[in-house]
Structure formats: structure tokens, C-alpha cells
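Read through the structure below, which is laid out as C-alpha cells, and then see the notes.
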2 protein chains.
Amino acid sequence: MSHTMSEVATRAGVSKATVSRVLNRTHTIAPETERRVLEVVRQLKYHKNVHARRLATGRSDLFGLVISEIINPYFPELIRGFQAEAWDRGFDVLLCNTEYNSQRRVSVIQKLIEGDVRGVAIMTASLDRSGTSELTAAGIGVVFCNLGPAERLVSNISIDYQRGIAQAIEHVVQLGHRHAAVIAGPEDNRTAVIIKQALVAGLNERKLILSAVVNSNYRVDAGASAVRALVAAPELPTVIFCGNDLIAMGAMNALEEAGVRIPEDVSVIGIDDISFAFLARPPLTTIRVPRERLGTIAFQALDKMLQLKRRKGVDYYLETDLVIRRSTAPPRSRELGSAGLLLERAR
Amino acid sequence: MSHTMSEVATRAGVSKATVSRVLNRTHTIAPETERRVLEVVRQLKYHKNVHARRLATGRSDLFGLVISEIINPYFPELIRGFQAEAWDRGFDVLLCNTEYNSQRRVSVIQKLIEGDVRGVAIMTASLDRSGTSELTAAGIGVVFCNLGPAERLVSNISIDYQRGIAQAIEHVVQLGHRHAAVIAGPEDNRTAVIIKQALVAGLNERKLILSAVVNSNYRVDAGASAVRALVAAPELPTVIFCGNDLIAMGAMNALEEAGVRIPEDVSVIGIDDISFAFLARPPLTTIRVPRERLGTIAFQALDKMLQLKRRKGVDYYLETDLVIRRSTAPPRSRELGSAGLLLERAR
DNA sequence: CTGAAAGCGCTTACAG
DNA sequence: CTGAAAGCGCTTACAG
């Protein structure tokens, strides 16, 4: 069905080497020859076969991007940033998702190696050095997010949650909050753990009373059930810090169901600033993680590292910032504190 | 850096043909030979090069999926359905987005042809037959969504919006609504046009008063500005049908800002049931389009069509259903009608 | 059950 | 500026 470069060559009365050169604009070609070749290419609607090209050149034009699942609203912007950057430089991307499935994790790595990618951005916390040693062993560069320091063939991007968290805590302190709770992400997720620790440390430092720290699982329903536990306790915090926006949105739902008003009774703060955070009701105050930027940097990190003679990894940092919306407000009464809230709810 | 099949062959003391056979489980192999080969493969961490394989076999194991933009919440479930189905059958997918950019549309088609895909699912309305004739000309199967009837090498999946829309209209009629408005998607989007027509026809048939039909652009902010126009008019409809959930969410925001309560003053209905529809406040009543299913069917359509001797396309249908949530309720007063609403708002 | 050889469709020194 | 030829790393009839 589809034509080959030899066919084009014959019809244009040149060698296939010439056709290749015309198509890749890699040599100067006699104008007349070029015209003839291009003419035949158009007539035949010829397209070169990328697999043959990849095999012949030996240099891969592919980069991998691995995420956990496509339906997680954390990823779209990240994918877009990575892809845009890759395409701009003439590279292509192989998008892989692990779906939180260990079999898939293995097959994804395999697919990446077989695909002869130059480098891969591992943007899911469910994969770490041990899971990717096969990649580096094959000479493929890797960039992680929130993993340890860089080394040969592995770079790292640290998201500076500290900064956004400090801003958030300062914000609620200014508003007059004294009693906080934390609904963190899953224990087995390294990013979730980093966030939880930063949250707890920051809250302690500012001397807020931490009435509860519970783990959850980054899903909406988990945020909801975590909140039900909080609501059942004798004392309600006046502000709830959530490990991500999904948890926060679930928490807001559950609070609403329990008849707790946001932000009048309880303030809620999320992390990420997913696209729907501002559509939540009330709009969610959250710590923005610049995810499109994260994707861009991930690509640049790989690209740069692979140009280094020693393939030495680099450490990158990405700042976060608080975005104040309407889910945070002063607690009901500064004087009454949370005991006062209890009283009022009892009426 | 990475090893080749020949290396494995030499070390295992066999020919590369044998290595190939062992790895592809395509022939019976002497157990001892197989063991030896596998052993060397493990030692060397050998992975076969997929580009060489694709070139040698000539049969592509790739399918394309083209969407408009990854950050549109309509697509994640669709992608997941398509990808899952492809992987289950041992195929791989090339995800391409046009980003509503005509240059990108061209380069995406080119990339697909160069990638030698077997078939491609065009799931964005911004591409139609004329944009994809190159694909079919190259013998590549195509499946569209909401485009005309099937033909050679092109299948089509029609989403039966009629059904969900009929349910929705019945729902609001039962609730007692008489005055409706429609905020449709963009005029140049064939799916948006189909939906608008179905909406208007259905509303007329049930004799509802259609106070306004405005076009919008499928984005949140567009829904918002469309609503501002409606609110400025002398009479407010009691129910607003939106071309998709994003428009509906924007509309709800703008209504809220205008001091119009949902659903007490105005009911709102969306289309799609994106994952955040139920997190909107109030949760959005919407017409669900089973998008993961759409992805699955799209793949099956391609796969089946390409097995047919004549490569004859097939027509598929996908049903939609109303999902009732809290953004719809009886109008303020059946007796007063919308004039009554006007009165009350004037107070 | 296994091997030698041709071939997939390109690219790229090497010559000229 | 252009061509002949080797080679990229596999697969697959064809023999045996």
C-alpha cells in the first residue's frame, strides 16, 4: 500500500540516498533535483517510515513519561508541559501509566527499553530507584520527582512544598486559627510523607494545636471518610490541611453533609491547585504546584543530562505558592476558640 | 550500551533465528536450548529492539488516538478505555493532540502515517474526512465520533444524545418547568451542533418556552459569560441546558455571583458527566456520555474493521443517560412561572 | 528442532 | 552535488 524511498528514487531518477537527503534537508541539493524529488513525493503521498529511520540512525528520538493514571487530574498539565517541550525539540514521547499495578510497572519499564527511549521522566511516586535500575543499566537517563539526590544518569526535581506550606500556615495564623488537623496522603507514597512531615513540623513550629493527623489515599472518597472521623471527635479543628486537592474536595463534601459550614465553621486547604479547585464550592484555597512547569523541567533535565559527557544527573527545585480562595476565613470567634465552636454547634 | 540479538546468539551458542524464536515463543524449541538462551538473555539484561522488530515484521502493532487537548476533562476516561483495550490485545497506542491548532493537525496526521499505525481513532471534532483522507489513502483505518455513515476504511460511533436529552427534558417537565434556555457549544463543532439541534427540537416538542439559545465555546469562562447575558435579560428561564459540563459549571458560577440560587431559582443541566460534575455545588445533573466505553468501542471498531476482507467500516451507537443530581429541582412556583420569579427577585 | 540467508526501509560514511 | 554500498537489529520462508 505505502511506498518506499526506493520507489521515489526510481521515479525521480535519483538514488535513494538523494531522496533521503532532500527529505531530511541535511545536505545541499541541486535545486532541480530537489524539485523533482519533492514532486514525486507529493504525487505518491510518500511518507518515510519512522521505524526504519530509527533503526538506521541508531539515535533514538523518543522520551518516556511515566505517570500513575491518566484519570488523575494531577497529570494532564504535566503531560502537556513535557510533550510540548519534547515536540519543540523534535522528539516524541511515549506515555505510560502504571495504574498502580505492579505487573504494569514491570511491563512499562520493558516497553520503554524496547522502545529505545533516550530518557524517561518518572512522575509517579510508585516507582523508585529499584524499579528503574534496569533503565539506567541500559544507559537510559531518568528524572524523578521528590526522590533523593542526583547521580549518574538520574536527575531529580524536588518540589519545595515547604515554601507553600509555610505561606499557608502563616495565612491561617493571621486569620486567627489555633486548632488544626491534617489529612495526609497514603503512607507508602514518598511525596505524601514529605508533605505530611512538612505540614506537621510547620504547624508545631507555629504552635498550633494539632488535634488529628490521619492518613488517607489521595482519592475524593478517602477525604470524605477521613472527615467523618474528625467530625465524630469531641472537638473540631478550625482548619483542615489536606494532602492534595482531591482529599480536600472530598473533605468539603463530607463537612457539608455533616452540616459544618466552610469557611465559617472550618477552613479547608488543599495542595496542587488542580484545574477544578477553583470550581469547588467554596473555591478551594490551595498550595499550587506548577505542574506544566514540572513537565517542562523534567524534559529539560533529561535533555541536558544526556548531553553531559559523564551523564551526571542534576538537582532541580520547583517552588510552590499559596493560592488564597474562599475556603479559608477567620475562625468563628477568636475569643471562643474551638471550645466555643463546640458550644455553638450544641445549640 | 545495549546488546543485540546476535550477541545473545553467540553467547548461547545458537543462531539469532533461534533466539528470536525463543523470545517470541513462535516455534517449539528444545528445552535445553531454550534454557540456555533465556539464561543469557537474563545475564545480559537483553531487550529486543522494537523498531527493528517492526521493520522486520512489516505488520504494525500500533494504533493512534487523536484528541484535541489532554487537559480537557472529557478525554481521560476515553484514553484509558482505548489504551486498556489496545494493551490487552498486545497493541500499543500513539496518543496525539491537536491543541486546536491547524499546524498540529497536519503534523499529527503525518506522525501517524510515518509511525505506520494500523488504525486511528479520531476523537476530536476538529478533524473530519478531509483532514484524514491521507490516512485512508495510506490504507490506515479510521474511526470517528459523530461523523456521517461508515464507508471503506472508516467507521463511526454515533453518540445517541437524543436519548439522554429526552430523559432530561422529561425530567424538567415533570418538575414543572416551562421556561428554558440553551447554552450550546461552538458553532464550528459538529458534535456541539448536533446537541444543540437535539436540545431545541426536544424542547419545542414538549412545548417549553425557549427564551434563549446562545453559543459558547466549551470552556468554563464561556459558560459564565453566556449566563451574564441571560441574567441581564428581562426574564430568566427556570432551567438552563448546557452543551457540556464545563459550560454548566461556568454557568453555575456566574449564576451564583449574580445572586441566583441553584436549583431554587434556576435549574442547570450539563452533558458528559465529567468526573468533577458530582463535586460541583450543587452536584450537577447531567447527561452521561460513557467515555471509557467510547474508548473501548473505538478500539474494537478499528480492530474489527481491519480484519474484514473489504475493510468495510461499521456504524456503532453509544447510549447516553440522564444522571439526576441536585442542580435540578422544581421551579420556584408552578403557579407564578417565570414572571413570578421576576417579581420575587424585584422585591 | 535449528541454521544460513535474504529482506524490512531507511541513513551515512566513503568516493567521486 | 550525487551514488553505490554497507549496515541498523530484527523476522521468516526455505532447507535440512
Side-chain angles (χ1 to χ4, degrees), chain A residues 1-38 40-41 44-62 90 110-111 113-118 138-139, chain B residues 1-38 40-41 44-62 90 110-111 113-118 138-139:
Chain A
M1 201 87 217
S2 59
H3 308 279
T4 72
M5 196 172 263
S6 299
E7 287 178 58
V8 175
T10 329
R11 299 214 190 194
V14 298
S15 71
K16 52 196 173 100
T18 300
V19 176
S20 174
R21 287 170 187 137
V22 169
L23 259 24
N24 296 318
R25 309 173 177 292
T26 172
H27 287 56
T28 28
I29 301 284
E32 168 55 12
T33 312
E34 174 163 10
R35 202 197 52 64
R36 244 175 28 238
V37 170
L38 257 20
V40 175
V41 165
L44 257 39
K45 290 178 192 296
Y46 168 76
H47 290 271
K48 57 185 185 306
N49 181 311
V50 76
H51 304 117
R53 166 174 239 282
R54 283 173 181 155
L55 186 57
T57 61
R59 314 178 59 242
S60 169
D61 61 344
L62 238 35
Q110 169 145 354
K111 193 186 293 290
I113 299 182
E114 292 183 352
D116 188 31
V117 299
R118 296 168 72 114
Chain B
M1 203 84 218
S2 60
H3 307 281
T4 72
M5 196 171 265
S6 299
E7 285 178 59
V8 175
T10 328
R11 299 214 191 196
V14 298
S15 71
K16 50 196 176 102
T18 300
V19 176
S20 174
R21 288 170 188 138
V22 169
L23 259 24
N24 296 318
R25 308 173 180 293
T26 172
H27 286 58
T28 29
I29 301 284
E32 168 55 13
T33 311
E34 172 163 13
R35 203 196 52 65
R36 246 177 23 240
V37 170
L38 257 19
V40 175
V41 165
L44 257 40
K45 291 178 191 294
Y46 167 75
H47 290 270
K48 57 186 185 308
N49 181 311
V50 75
H51 304 116
R53 166 175 239 282
R54 283 174 180 153
L55 185 57
T57 61
R59 317 177 58 241
S60 169
D61 61 344
L62 239 35
Q110 169 146 353
K111 193 186 292 289
I113 299 182
E114 291 183 354
D116 188 31
V117 298
R118 297 168 71 113

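Owing to the predicted nature of the structure, the values given are computational and were not obtained by experimental measurement. Labels below follow one simple rule: chain letters A, B, ... track the order of the sequence lines, proteins then strands, and each chain is numbered from 1.
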Nearest 0.5 Å please: distance from the CE atom of B/M5 over to the OG1 atom of B/T18. 10.5 Å

Quick one, A/K48 and A/N24 - any side-chain contact, counting heavy atoms below 4.5 Å? yes

Quick one: are B/V19 and B/V14 in side-chain contact, heavy atoms under 4.5 Å? yes

Donor-acceptor contacts, no H, no angles, side chain residues 29-36 of chain A, under 3.5 Å, sequence neighbours left out:
| unit_1 | atom_1 | unit_2 | atom_2 | d |
| --- | --- | --- | --- | --- |
| A/E32 | OE1 | A/R35 | NE | 3.3 |
| A/E32 | OE2 | A/R35 | NH2 | 3.4 |
| A/R36 | NE | A/A12 | O | 3.1 |
| A/R36 | NH2 | A/A12 | O | 3.2 |

Mark yes or no for whether A/E114, through its side chain, and A/K111, through its backbone, hold a donor-acceptor pair below 3.5 Å. no

When rounded to whole Å, the CG to C1' distance for the pair A/D61 and C/dT11 reads 14 Å

A/N24 CG to C/dT12 C1', in whole Å, measures 11 Å

Kindly indicate, with the supporting measurements, whether the criterion side-chain contact (heavy atoms from CB on, under 4.5 Å) is fulfilled by B/H51 and A/L62. CA-CA 11 Å; B/H51 304 116; A/L62 238 35; 3.9 Å; yes

Heavy atoms under 4.0 Å is the rule here; annotate nucleotides 2-9 of chain C 5' to 3' with B where the base is hit, S where only the sugar-phosphate is, and - elsewhere. BBB-BBBB

Given the C1' atoms of D/dG16 and D/dT12, what is the spacing between them in whole Å? 16 Å

My validator wants the stems of DNA chain D: runs of 3 or more consecutive Watson-Crick or G-U pairs, both distances under 3.5 Å, written as range with range. C:1-3 with D:14-16, C:5-12 with D:5-12, C:14-16 with D:1-3

Derivation of the side-chain contact (heavy atoms from CB on, under 4.5 Å) call for B/R59 and B/R118: CA-CA 8 Å; B/R59 317 177 58 241; B/R118 297 168 71 113; 3.7 Å; yes

One pair to check against side-chain contact (heavy atoms from CB on, under 4.5 Å): B/R11 and B/L44. What are the steps and the verdict? CA-CA 10 Å; B/R11 299 214 191 196; B/L44 257 40; 3.6 Å; yes

